[in-house]
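Within every chain, numbering begins at 1; the chains are lettered A, B, ... in the order of the sequence lines, protein sequences first and strands thereafter. Not measured: the values here are computed from a predicted model.
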2 protein chains.
Amino acid sequence: MVKKSAEKEKARKPNMREAILFAAEELFSAKGFNAVTVRDIAQAAGANPGSVTYHFKTKDELLLEIYRRHCKPMNLRRAELLAAAKRVRDLQDRLEAIVRAYVLPAFSSGSDLAGGGARFTRLRAIMSAEGNEVTRRIIAQTFDDTSHAFIDAVHDSLPHIPRAEIVWRSHFLLGALYYTLVTPERVSRLSRGDSDGADAGDAIEQLVKATVASLQAPALDRATPSPRRSAPPTKSLAGDGHAPK
Amino acid sequence: MVKKSAEKEKARKPNMREAILFAAEELFSAKGFNAVTVRDIAQAAGANPGSVTYHFKTKDELLLEIYRRHCKPMNLRRAELLAAAKRVRDLQDRLEAIVRAYVLPAFSSGSDLAGGGARFTRLRAIMSAEGNEVTRRIIAQTFDDTSHAFIDAVHDSLPHIPRAEIVWRSHFLLGALYYTLVTPERVSRLSRGDSDGADAGDAIEQLVKATVASLQAPALDRATPSPRRSAPPTKSLAGDGHAPK
DNA sequence: ATATCATTTGTACTTTTGTACAAATGATAT
DNA sequence: ATATCATTTGTACAAAAGTACAAATGATAT
């Protein structure tokens with residue numbers, strides 16, 4: 001092994017494989033999977049359609065590779081932030097930190113290219129909307145652990161809310177997050193220019209604030225007829241048994 | 001007179017145009033626009049592909065026709081409910097009624113077939129995610145008025161919150177609504193069976209509750225026009241970069 | 001019944017799609 | 001240089017797409 005040859009190898013070519021991955025991610029996250037052709041991707045990457053087949057046998061495999069690229073780093077980042085958030089003493093601050101730990105990596109994963117986190121999250125949003133069969137499995141497999149960790153952390157901060165309600169509200173958070181990344185211009189339009197929906201900083205702050213408030217809302221709790229009763233909610237709802245499917 | 005035979009014939013082939021519309025709506029709202037072929041639609045409707053071309057010149061036109069079907073009734077329903085909500089005296093109740101007026105028609109429009117409202121809303125969610133050019137215009141044209149009316153009504157109930165922030169939170173509501181209709185099974189999965197994400201009644205109640213709470217959250221507070229500061233101490237983590245007011 | 005109209009059917013045409021594959025190209029090691 | 005390997009290119013092909021259109025069918029009015 002010669003060092004120089006290794007260095008040369010790095011600078012040797014602009015790495016077409018990466019260019020294709022990047023172009024595919026951009027196109028998929030903008031137009032969905034079915035609306036983008038292999039030829040579109042090749043052209044955007046400055047490559048030949050045959051090169052796409054060479055590096056990633058099929059279009060499905062290309063999509064999967066994009067997911068493999070992003071899932072682990074994003075979840076790692078979330079786990080780090082969540083661990084830090086759990087150590088926050090003040091309960092209110094802790095809840096906000098937990099939510100932020102969930103939201104922040106979705107907008108910008110540190111390791112990747114500029115805007116990589118937001119782009120990948122938008123991709124997930126679109127794939128989830130399209131009901132893409134290829135990604136549904138990997139999404140559930142990769143992100144459910146993270147989601148459970150997040151939900152449990154919130155539940156620890158708000159033990160009086162049944163876990164199922166926290167699930168609902170976390171679900172709403174993810175939906176809001178997705179929609180903001182998919183249609184930011186709607187915010188700009190409806191606010192008549194007072195807000196920029198594409199401003200990630202603003203979006204994060206607004207999302208965190210709104211989500212913390214929604215999480216803190218009293219439980220729905222249909223079992224109790226009187227709203228002024230401050231009795232603890234029924235424990236049976238938050239059972240820890242796992243239901244077989 | 002051959003009324004009898006005519007009736008029998010009609011009962012056998014009850015308006016193919018409607019059947020095609022229904023099949024198309026179902027398929028589009030399940031798999032998106034690009035993943036569904038004209039042949040898929042024809043087969044689901046028990047029709048010949050040529051019949052689709054006959055009734056709706058193109059695939060785009062078919063999609064547009066679906067929108068024309070639903071937009072007006074749904075917005076009418078929303079306007080009715082909103083007008084009624086505005087007359088509620090109690091401020092807290094009024095806010096909840098307003099949110100409910102926005103959410104309810106999205107789950108079930110009264111005039112249509114069973115589940116028609118939810119199906120059409122899911123369709124809008126997917127089209128919005130796919131960035132469908134055909135529907136983008138009609139969506140903005142048809143729903144922006146309703147959205148503005150809703151936002152203004154909320155703003156009247158919460159005058160101390162800047163309108164732009166209400167826009168953000170309404171946007172989150174719509175995102176949460178969309179996502180719940182698109183991926184209800186995720187709620188069931190993460191709640192380990194304690195909740196059924198596909199239960200429209202539960203979804204509505206959870207969504208209304210969470211949204212009311214998020215709307216009532218104190219303003220994020222950049223250069224705010226309202227000098228009132230009786231809210232709990234706000235976090236200064238949020239870096240306020242710009243004030244375009 | 002016959003004529004007239006609306007609808008349905010069958011088929012075919014033109015593009016576009018994903019993917020395969022042989023040849024061309026370029027780099028590295030010997 | 002020559003051989004070996006990885007990559008890129010060009011092309012082709014079978015399948016699937018949207019849509020057009022003539023013929024067949026069915027219903028209604030006269």
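Pairing partner, D/dA29: C/dT2, with both Watson-Crick or wobble hydrogen-bond distances short of 3.5 Å. Nucleotide C/dT15 forms a Watson-Crick or G-U wobble pair with D/dA16, both donor-acceptor distances falling under 3.5 Å. Nucleotide C/dA23 forms a pair with D/dT8, judged by Watson-Crick or G-U wobble geometry with both contacts under 3.5 Å.
The distance between the ring centers of B/Y178 and A/Y179 falls below 6.0 angstrom.
Atom CD in A/E18 sits about 12 Å away from atom P in D/dT8, given to the nearest Å. Rounding to whole angstrom units, CE of residue B/M16 and P of D/dT25 are separated by 16 Å. A straight line from CD1 of A/I20 to P of C/dG18 spans 14 Å, rounded to a whole angstrom.
Summarising the local packing, CD of B/Q43 is surrounded by 12 or fewer heavy atoms from other residues, nucleotides or ligands at distances under 6.0 Å.
Counting only heavy atoms from C-beta outward, the side chains of A/E18 and A/F22 never approach each other to under 4.5 Å. The closest side-chain heavy-atom distance from A/E61 to A/T58 is below 4.5 Å. Between B/H171 and B/L174, the closest side-chain pair of non-hydrogen atoms is not below 4.5 Å. In this structure the side chain of B/S214 never reaches within 4.5 angstrom of the side chain of A/T211, judged on heavy atoms.
OP1 and OP2 of D/dT8 both lie 4.0 Å or more from every side-chain N or O belonging to A/N48.
Closest of all the heavy-atom pairs between B/G46 and B/M16 is O-CE, 3.5 Å.
A heavy-atom distance below 4.0 Å to DNA chain D is reached by these residues of residues 28-46 of chain A, ordered by number: A/R39. Across residues 54-63 of chain A, A/Y54, A/H55 each have a non-hydrogen atom less than 4.0 Å from an atom of DNA chain D (numbered order).
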| said: Evaluate B/K31 against A/E130 for salt bridge (Lys or Arg N to Asp or Glu O under 4.0 Å), listing each step before the verdict. | reply: CA-CA 5 Å; B/K31 310 164 120 192; A/E130 281 187 332; over 6 Å; no
